[in-house]
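All remarks here apply to the structure that follows.
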Amino acid sequence: MEKVMMKGNEALAEGALRGGCQCYFGYPITPQSEVAEYMSRRMPELGRVFLQTESEVATINYLYGAAGAGVRCMTTSSSPGISLMQEGISYLIGAELPCLIANVVRGGPGLGNIQPAQADYWQATKGGTHGDCRMIVLAPNSVQEMFDFARDAFDLAEKYRNPVFILADGALGQMMEPVELKPFLEFDPHKNDSWATTGAKNREPHVITSIHLEPEEMEEFNRHLQAKYLLMEKEEVRWEEYQTNEDDLDILIVAYGIASRVCRNAVDDLRASGIKAGLLRPITLWPFPKAEIRRFADRKIPILVVELNMGQMLEDVLLAVEGKTLVDFYGRYAGIIPSADEVVRKAFDTLKKVGK
Amino acid sequence: MEKKKLIRGRPDALNDKIMHYCPGCGHGIVHRIVAEVVDELGIKDRFVGIAPVGCSVFAYWYFNTDFHQAAHGRAPAVASGIKRARPELIVMSYQGDGDLAAIGTAEIVHAANRGENITVIFINNAIYGMTGGQMAPTTLIGQKSTTTPLGRDPRKAGFPIKISEMLAVLPGSRYIERTTVTSPKEVNKTKKAIKKAFELQMKGEGFTMVEVLSPCPTNWRLTPKDALKFVEEKMVEYYPLGVFKDEPVFND
């Protein structure tokens with residue numbers, strides 16, 4: 001299949017439109033503005049909708065309307081913009097509307113900086129949203145995956161009638177790599193007709209809402225959401241392992257996104273120095289590959305978590321291992337992507353802590 | 001027995017549920033007007049209403065049409081999202097003054113300025129109704145509310161905002177009219193305005209809004225009759241009725 005050099009942000013956009021995205025709404029913010037720029041050219045070419053909005057607060061509500069009308073739709077932003085969208089994301093989950101939201105993360109808190117970071121892990125997986133909200137959070141680590149995950153996101157969103165979230169970072173958005181451009185997805189454009197606002201022709205009216213005044217009704221609806229989340233946890237956990245086959249692994253590194261690329265090199269370097277290192281890379285940050293990580297904890301293999309933040313996924317790893325093994329952490333911040341050498345040095349520290 | 005003939009029944013677009021609105025509230029009247037217009041234009045099966053946050057959050061309880069409940073102030077964005085996704089639909093954003101003129105000012109201004117082909121029904125009763133009578137952006141100078149117990153003082157709380165006048169100066173707005181529902185005559189004028197707004201949307205002419213000055217006896221602490229008088233005497237004085245804009249936006 002044809003391969004082209006593309007920027008991560010453009011690959012994300014092309015993937016989404018090949019996944020059937022009919023409407024894109026967005027507001028400029030670095031380092032993801034290329035998504036909107038790309039969409040402003042490509043969507044009209046395909047007879048689809050591109051709209052630059054007045055704010056991120058508004059953006060998520062254009063998405064709320066379009067998703068309620070049953071069409072495949074998306075927005076992208078970066079950290080502060082995603083913060084502004086949190087209320088709307090909660091409404092989307094509360095009204096059970098499928099759509100795609102992507103965050104090309106930069107440094108925070110506050111205005112932070114525009115450098116690559118993984119500082120929004122908590123926001124994406126635990127929610128800045130009000131209410132008991134969950135979303136499938138996909139973490140690509142290559143330009144190819146920016147394309148693939150965006151292309152597949154709408155099927156996944158429609159399967160659960162829930163937003164799907166892509167958590168990338170400034171490096172993935174800005175870097176160029178060869179991408180295999182898979183064809184346009186076939187999908188049923190009438191799949192959502194049974195609940196969407198398409199006009200009440202020869203049917204009862206459809207109402208898109210998230211309000212439940214009666215306490216019993218509110219609880220019942222939340223039980224329904226929980227059942228849906230449970231199914232996602234059962235069906236959708238995705239992860240990748242590298243060099244984890246031996247029984248007597250010395251150390252397991254856990255990293256996602258761009259950090260996992262560095263850690264893969266670190267694993268090779270550690271092995272060249274005679275350390276049996278392995279890498280586990282969560283692909284879905286929620287649902288989190290808890291059971292997969294626990295497997296290593298049960299065998300008392302020390303774990304080193306590497307992130308471009310001050311220790312966010314770290315907490316999920318700690319929950320997964322239930323105190324059964326040592327968990328160490330190495331984090332750099334917002335634009336400072338650690339070298340493989342740094343990770344190797346840290347791994348030796350970790351090994352010392354367990355007397356190796 | 002003499003055979004009785006039905007002169008005027010319930011519009012098809014409205015169901016027979018008893019409305020939750022207070023006695024003397026204007027929402028019920030405007031709901032019915034919208035439903036009558038939807039019937040007359042034959043658009044019930046391609047109509048989507050947006051219910052705001054406020055007293056009319058449950059507007060969809062009463063309409064036999066599709067509805068989408070929006071977050072506070074964001075109804076024009078939700079309406080625009082639906083209209084862009086499915087341009088064949090006739091989309092109405094139904095909003096109160098807290099929703100539209102305070103928290104939702106950015107969305108309403110940009111929907112109007114883009115010439116978005118939607119219709120906004122703006123219910124201005126100069127008070128936050130659902131939360132219990134706090135000062136709204138449209139509360140009159142000197143008007144008492146639960147957060148202006150001594151009356152609105154513009155030096156502290158600013159001035160009542162005139163949304164119709166504001167939106168009329170934007171190049172994207174197609175048709176803006178302010179009406180009221182204090183008498184059958186005014187109700188008929190409101191109906192004419194709402195019908196015109198939807199007709200313009202059907203022709204794809206752009207952003208239309210009808211602002212309806214509407215009584216809120218409960219939170220004004222007035223009888224329904226005195227509330228009508230308050231609209232006619234006090235509100236109309238500050239918010240004059242009439243057409244503020246009626247000119248084509250796009251000349252292509």
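As the structure is a computational prediction, the values presented were derived from the model and not from experiment. Protein chains get the first letters and strands the later ones, always in sequence-line order, with residue 1 at the start of each.
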Report the C-alpha separation of His206(A) and Phe67(B) in whole Å, then their side-chain angles, then the decisive distance to 0.1 Å, and conclude whether the side-chain contact (heavy atoms from CB on, under 4.5 Å) test is met. CA-CA 6 Å; His206(A) 290 165; Phe67(B) 248 83; over 6 Å; no
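Contacts between Val49(A) and chain B at a heavy-atom distance below 4.5 Å involve the side chain alone, from C-beta outward. Using a 4.5 Å cut-off between heavy atoms, Leu213(A) contacts chain B through its side chain alone, with no backbone atom that close. In this structure, chain B has no heavy atom under 4.5 Å from any part of Arg48(A). Using a 4.5 Å cut-off between heavy atoms, Val57(B) contacts chain A through its side chain alone, with no backbone atom that close. With a 4.5 angstrom heavy-atom cutoff, Thr198(A) touches chain B via backbone and side-chain atoms both. Heavy-atom distances place the side chain of Glu87(A), and not its backbone, under 4.5 Å from chain B.
For Arg41(A), the CZ atom is densely surrounded, since the number of other residues' heavy atoms within 6.0 Å is greater than 12. By the neighbour-count criterion of 12 heavy atoms within 6.0 Å, atom CD1 of Ile114(A) is sparsely surrounded, having that number or fewer from other residues, nucleotides or ligands. Around OH of Tyr27(A), the count of heavy atoms belonging to other residues, nucleotides or ligands within 6.0 Å does not exceed 12. In the displayed structure, Glu45(A) atom CD is contacted under 6.0 Å by more than 12 heavy atoms of other residues, nucleotides or ligands. The number of heavy atoms from other shown groups lying within 6.0 Å of NZ (Lys192(B)) does not exceed 12.
In this structure, Glu56(A) has no salt bridge (Lys or Arg N to Asp or Glu O under 4.0 Å) partners at least two apart in sequence or on a different chain.
Using a cutoff of 4.0 Å between basic side-chain nitrogens and carboxylate oxygens, Lys201(A) and Asp66(B) are not scored as salt-bridged.
A donor-acceptor contact shorter than 3.5 Å links the side chain of Arg86(B) to the backbone of Ala69(A).
Taking 4.5 Å as the limit, some side-chain heavy atom of Gln69(B) sits within range of a side-chain heavy atom of Tyr91(A). Contact of the Val109(B) side chain with the Glu54(A) side chain is not registered, since no non-hydrogen atoms from C-beta on lie closer than 4.5 Å. Using a 4.5 Å heavy-atom cutoff, the side chains of Asn61(A) and Glu107(B) are not in contact. Using a 4.5 Å cut-off on side-chain heavy atoms (C-beta onward), Leu51(A) and Arg114(B) make contact. Taking the side chain as every heavy atom from C-beta outward, Tyr60(B) and Ile211(A) approach each other to under 4.5 Å.
Between the OG1 atom of Thr197(A) and the CG atom of Leu89(B) there is a distance of 6.5 Å, given to the nearest 0.5 Å.
Heavy-atom minimum distance, Tyr62(A) versus Ser80(B): CE2-CB, 3.4 Å.
Looking only at heavy-atom pairs under 4.5 Å with chain B, the residue among Gly65(A), Ser90(A), Gly199(A), Cys23(A) that has the most is Gly65(A).
In summary, the aromatic rings of His68(B) and Tyr64(A) are positioned with their centroids under 6.0 Å apart.
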